[in-house]
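Structure first, commentary second.
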2 protein chains.
Amino acid sequence: MFVRNTTGRSLCPNSLTDLGITSESNPGVSSSVLIYKKGKAIFSEKESAEYVYQVIRGAARSYKLLSDGRRQIGAFHLAGDIFGLENSGTHRFTTQAVVETTLRLIRRQTLEMVAETDPAVSRNLLRMTTSNLEHAENHMLLLGRKSSSERVAAFLLEMDKRLTATNSMALPMYRRDIADYLGLALETVCRVLSRLHGAGVLDFTAGSHREIVLLDRERLANLDPPD
Amino acid sequence: MFVRNTTGRSLCPNSLTDLGITSESNPGVSSSVLIYKKGKAIFSEKESAEYVYQVIRGAARSYKLLSDGRRQIGAFHLAGDIFGLENSGTHRFTTQAVVETTLRLIRRQTLEMVAETDPAVSRNLLRMTTSNLEHAENHMLLLGRKSSSERVAAFLLEMDKRLTATNSMALPMYRRDIADYLGLALETVCRVLSRLHGAGVLDFTAGSHREIVLLDRERLANLDPPD
DNA sequence: CGGGGGCTTGAGGCCACTCAACGATAGTGG
DNA sequence: CCACTATCGTTGAGTGGCCTCAAGCCCCCG
């Protein structure tokens with residue numbers, strides 16, 4: 001099976017190379033594969049972190065909840081992504097499968113042991129954490145200062161970059177998920193998408209409204225202000 | 001500008017211990033101290049990262065700008081904080097001194113060299129990056145899902161925890177900074193503070209409205225919903 | 001004492017939210 | 001195969017929280 005890694009660099013039959021682990025240098029590192037049904041929890045906030053996960057197929061959402069049910073999704077994890085990397089030993093998000101999702105599990109303890117002796121692995125852990133940080137930093141700007149159309153435009157461009165197989169993208173997540181990722185009401189997400197559809201920026205493929213074709217990436221990019 | 005270039009040892013024997021560097025194990029690591037005037041840029045977004053900084057006195061703000069001037073402050077750096085740690089080699093924020101601020105500068109390259117050979121330093125780099133990530137994750141929840149009063153309450157509690165010397169705290173930052181940190185208009189911040197003042201939750205010391213006394217931390221904590 | 005920067009307060013407007021109804025789609029069991 | 005249902009998505013009406021614009025106040029500092 002082939003998976004796409006997050007940087008889109010190279011396809012790798014051994015997915016652990018993303019962490020800098022190769023079967024030659026670390027023959028002892030093993031992993032198992034599990035399938036999670038739609039909506040199934042993978043781990044919960046404040047739980048101790050047993051495993052690190054890599055998405056093989058499907059998608060997952062990581063979120064925080066307020067006591068009254070308000071939810072903020074911090075990230076979506078798509079095919080190739082690695083998540084659950086908590087150096088504190090405790091998960092800071094609850095993570096669920098958005099749709100039926102196949103994951104590879106790696107024991108965290110194993111990973112840490114390898115990192116202790118192998119500086120390359122250690123560097124990769126840091127690099128991945130930094131990349132998560134960078135995403136969060138950009139998302140703070142979006143959540144704090146962007147309008148609803150700018151948020152949706154940014155979202156579509158992000159997804160376009162991350163899950164494009166063909167020129168039509170099949171969004172795995174629901175409108176509610178998009179809304180909770182963008183800090184909007186789900187009706188607002190609908191309305192913006194409708195407006196973009198009416199303006200000829202995007203199209204829905206017949207049937208599923210989660211399959212979207214971007215017709216005018218440039219106009220979309222103009223909606224998402226730079227700097 | 002005022003510059004002193006010294007070794008870490010002679011200036012402050014323990015200043016680098018936050019990074020896991022001690023003068024015994026790494027006698028060669030040197031640092032210099034600079035004073036930045038109010039509003040002075042320390043580094044800019046997309047600039048290459050030459051140094052890592054530690055706040056000795058004062059405060060700094062790290063932010064991103066949109067082309068039309070909208071600003072999102074990602075973090076404030078107070079006395080003791082280390083910032084500018086960019087593993088990518090490029091700064092992702094612009095950082096300025098909020099008030100007159102004294103900083104210790106450490107060459108990034110030196111730090112990386114030490115990290116390469118000393119796994120303890122390497123672990124500390126990861127731990128600090130993780131701690132930044134955790135802050136950003138919590139801030140996403142605030143920016144995406146909290147009301148204006150909840151945001152201000154959370155802000156006051158955060159500052160109370162981070163810069164309390166006495167029971168009155170001297171906020172170094174302006175209302176505009178608070179607003180841009182919380183994703184609000186500066187007038188909204190004012191209004192919430194006024195309301196809290198009227199409700200007897202906090203008090204302004206005579207004169208400066210940036211010196212605040214928290215009278216009722218419990219009521220403040222109730223405004224910031226848990227979970 | 002005058003000027004300027006920062007803070008506060010008010011009036012009014014708008015963007016996004018809530019509430020609500022309806023439509024579409026997929027899954028299920030008879 | 002087709003009701004039946006649950007779930008997801010869309011659209012409309014109306015509201016409200018926060019924003020914008022504007023004026024005035026206070027303090028610091030030259």
Side-chain angles (χ1 to χ4, degrees), chain A residues 37-39 59 61 66 68-72 96 98-100 142-153 155-156 170-199 202-212 223, chain B residues 37-39 59 61 66 68-72 98-100 142-153 155 170-199 202-212 223:
Chain A
K37 289 228 158 58
K38 179 175 94 166
R61 56 178 172 243
L66 294 178
D68 60 2
R70 282 174 287 174
R71 184 178 68 157
Q72 179 63 45
Q96 297 174 330
V98 175
V99 292
E100 180 168 293
L142 179 146
L143 293 171
R145 287 307 181 204
K146 290 189 182 176
S147 72
S148 61
S149 352
E150 289 167 344
R151 295 182 200 206
V152 172
F155 170 76
L156 290 172
L171 297 176
M173 66 290 285
Y174 306 109
R175 296 293 189 257
R176 161 151 301 288
D177 294 324
I178 301 176
D180 287 349
Y181 180 59
L182 299 179
L184 297 170
L186 106 170
E187 296 93 330
T188 303
V189 173
C190 273
R191 275 184 252 271
V192 174
L193 286 175
S194 291
R195 195 153 13 106
L196 292 175
H197 179 230
L202 59 83
D203 204 357
F204 299 104
T205 64
S208 171
H209 276 233
R210 300 230 287 284
E211 184 116 7
I212 288 181
L223 285 179
Chain B
K37 289 226 159 60
K38 179 176 95 167
R61 57 180 171 242
L66 294 178
D68 60 3
R70 282 174 287 175
R71 184 177 70 157
Q72 178 63 44
V98 175
V99 291
E100 179 168 294
L142 179 146
L143 293 171
R145 288 305 181 206
K146 290 188 181 176
S147 72
S148 61
S149 356
E150 290 167 344
R151 294 181 200 207
V152 173
F155 170 76
L171 297 176
M173 66 290 286
Y174 306 110
R175 297 292 189 259
R176 162 151 301 288
D177 294 325
I178 301 176
D180 287 349
Y181 180 59
L182 299 178
L184 296 171
L186 117 178
E187 296 94 330
T188 303
V189 173
C190 274
R191 276 183 252 270
V192 174
L193 287 175
S194 292
R195 196 152 12 103
L196 292 175
H197 179 230
L202 59 83
D203 205 357
F204 299 104
T205 64
S208 171
H209 276 234
R210 301 230 287 284
E211 184 114 6
I212 288 181
L223 285 180

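Values below: every heavy atom of this structure, side chains too, minus hydrogens, waters and symmetry copies. Per chain, numbering begins at 1; letters A, B, ... match sequence-line order. These numbers come from a predicted model, not from an experiment.
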Original post:
Tell me: CZ of A/Phe204 to P of C/dA24, nearest whole Å?
Top reply: 14 Å

Original post:
Among D/dT11, C/dT8, C/dA16, which is the nearest nucleotide to the side chain of A/Ser147?
Top reply: C/dA16

Original post:
With respect to the side chain of B/Glu187, which nucleotide from D/dT11, C/dT18, D/dT20 is positioned closest?
Top reply: D/dT20

Original post:
Going by modelled atom types, is there a donor-acceptor pair between the base of C/dG10 and the side chain of B/Arg191 at under 3.5 Å?
Top reply: yes

Subject >> Phosphate contact (C/dT9 OP1 or OP2) by B/Ser194 side-chain N/O below 4.0 Å >> reply: yes

Subject >> Candidates B/Arg70, B/Arg151, B/Arg71, B/Arg61 - the one meeting salt bridge (charged side-chain N to carboxylate O under 4.0 Å, His left out) with B/Asp180 >> reply: B/Arg71

**OP:** For A/Leu186 and C/dC19, give me the distance from atom CG to atom P, rounded to whole Å.
**Re:** 13 Å

Subject >> Presence of donor-acceptor pair under 3.5 Å, side chain of A/Arg70 and base of C/dT18 >> reply: no

**OP:** Look at all strands and tell whether A/Leu184 reaches a base, only sugar-phosphate, or nothing, counting heavy atoms closer than 4.0 Å.
**Re:** sugar-phosphate

Original post:
CG of A/Asp180 versus P of C/dA16: gap in Å, rounded?
Top reply: 17 Å

**OP:** Check every strand shown and say whether A/Gly183 touches a base, only sugar-phosphate, or nothing at a heavy-atom separation below 4.0 Å.
**Re:** sugar-phosphate

Subject >> Phosphate OP1/OP2 of D/dC8 contacted by A/Arg176 side-chain N/O (<4.0 Å) >> reply: no

**OP:** To the nearest Å, give me how far apart CG (A/Leu143) and P (C/dA16) are.
**Re:** 14 Å

Original post:
Under 4.0 Å: is that the gap between some side-chain N or O of A/His209 and OP1 or OP2 of C/dA24?
Top reply: no

Original post:
For A/Arg175 and C/dT18, what is the distance between atoms CZ and C1' respectively, to the nearest whole Å?
Top reply: 20 Å

**OP:** Tell me whether the OP1 or OP2 atom of D/dC18 has a side-chain N or O from B/Ser148 closer than 4.0 Å.
**Re:** yes

**OP:** To the nearest Å, give me how far apart CD1 (A/Ile178) and P (D/dT10) are.
**Re:** 9 Å

Subject >> Interatomic distance where CG belongs to A/Leu182 and P belongs to C/dC15 [whole Å] >> reply: 19 Å

Original post:
Does B/Arg210 make a side-chain N or O approach to OP1 or OP2 of C/dG6 shorter than 4.0 Å?
Top reply: no

**OP:** Please work out whether the ring planes of A/Phe155 and A/Tyr181 are parallel, tilted or perpendicular, with thresholds of 30° and 60°.
**Re:** perpendicular

